[in-house]
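Contents: one structure, followed by commentary.
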Amino acid sequence: MIGLDNPGFLSRLKSSLKTRLYCSEITKALLLTEKQFKPLGPYIETLPVDTPTSLTVTNEVTGKEHSLLVTLLQAGHCPGSVMFLFEGSEGTVLYTGDFRLPVGAAAQFQHLHQGGRLVINQLIH
């Protein structure tokens, strides 16, 4: 994975009209306080925490569009840290990165359950 301060990452964002860096409001604010991340500003889009948001993403090779719901869930790792819950026609994926939850806290995430069942098809860390 290329770091956010790598020139190749910024070039990738600049080369596409549709590629964005999604994060929480707090993460954006923290990133933009650092000089090396300021050029990312125009490409950062914030999503609300605990609110399913409909997004359409485009495969830049095929041009095919995919609609999905994205919900940011608090990860508890550090200020602004979130887990991304992706829900689409091919299933549900929770991307966690680093997280810190007390025992039993996952049961409180309403977006992870439906009818008393866990709805995740895949967990990516």
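Just so we're clear, the structure is a prediction, and the values are computed from it rather than from any experiment.
A side-chain N or O of Glu60 and one of Ser16 form a donor-acceptor pair less than 3.5 Å apart.
By the 4.5 Å heavy-atom criterion applied to side chains, Phe37 and Leu30 are not counted as neighbours. At a threshold of 4.5 Å between non-hydrogen side-chain atoms, the residues Arg12 and Ser15 count as touching. Between Ile26 and Val82 there is no side-chain heavy-atom pair separated by less than 4.5 Å. Between Leu85 and Met83, the closest side-chain pair of non-hydrogen atoms is not below 4.5 Å.
Rounding to the nearest 0.5 Å places OG1 of Thr19 at 10.5 Å from OH of Tyr43. Distance NZ/Lys18 to CD/Glu65: 5.0 Å, rounded to 0.5 Å. Here the OH atom belonging to Tyr95 is positioned 14.5 Å from the CG atom belonging to Leu73, to the nearest 0.5 angstrom. Rounding to the nearest 0.5 angstrom, the gap separating the CG atom in Asp50 from the OG1 atom in Thr71 is 8.5 Å. Note that CG of Leu32 is 10.5 Å distant from OG1 of Thr27, once rounded to the nearest 0.5 Å. Separating the OG1 atom in Thr92 from the CZ atom in Phe86 is a distance of 11.5 Å, to the nearest 0.5 Å.
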Passes side chain to side chain contact (heavy atoms under 4.5 Å, CB included), Leu94 versus Phe84? Steps please. CA-CA 6 Å; Leu94 179 65; Phe84 287 80; over 6 Å; no
Evaluate Leu69 against Thr53 for side chain to side chain contact (heavy atoms under 4.5 Å, CB included), listing each step before the verdict. CA-CA 5 Å; Leu69 278 178; Thr53 303; over 6 Å; no
Given Leu55 and Tyr22, is the side chain to side chain contact (heavy atoms under 4.5 Å, CB included) satisfied, shown in steps? CA-CA 11 Å; Leu55 293 179; Tyr22 293 97; 4.1 Å; yes
Side chain to side chain contact (heavy atoms under 4.5 Å, CB included) evaluation trace for His66 with Thr56: CA-CA 5 Å; His66 301 274; Thr56 300; over 6 Å; no
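Nearest heavy-atom pair, Ser24 versus Thr46, reported as atom, atom and distance to 0.1 Å: O-CG2, 3.8 Å. Across every non-hydrogen atom of Ser81 and Gly76, the tightest pair is OG-N, 3.6 Å.
Here the side chain of Thr51 pairs no donor or acceptor atom with the backbone of Pro48 at under 3.5 angstrom.
Pairs passing the salt bridge (charged side-chain N to carboxylate O under 4.0 Å, His left out) check and including a residue from residues 31-48, sequence neighbours excluded, read Arg20-Glu45.
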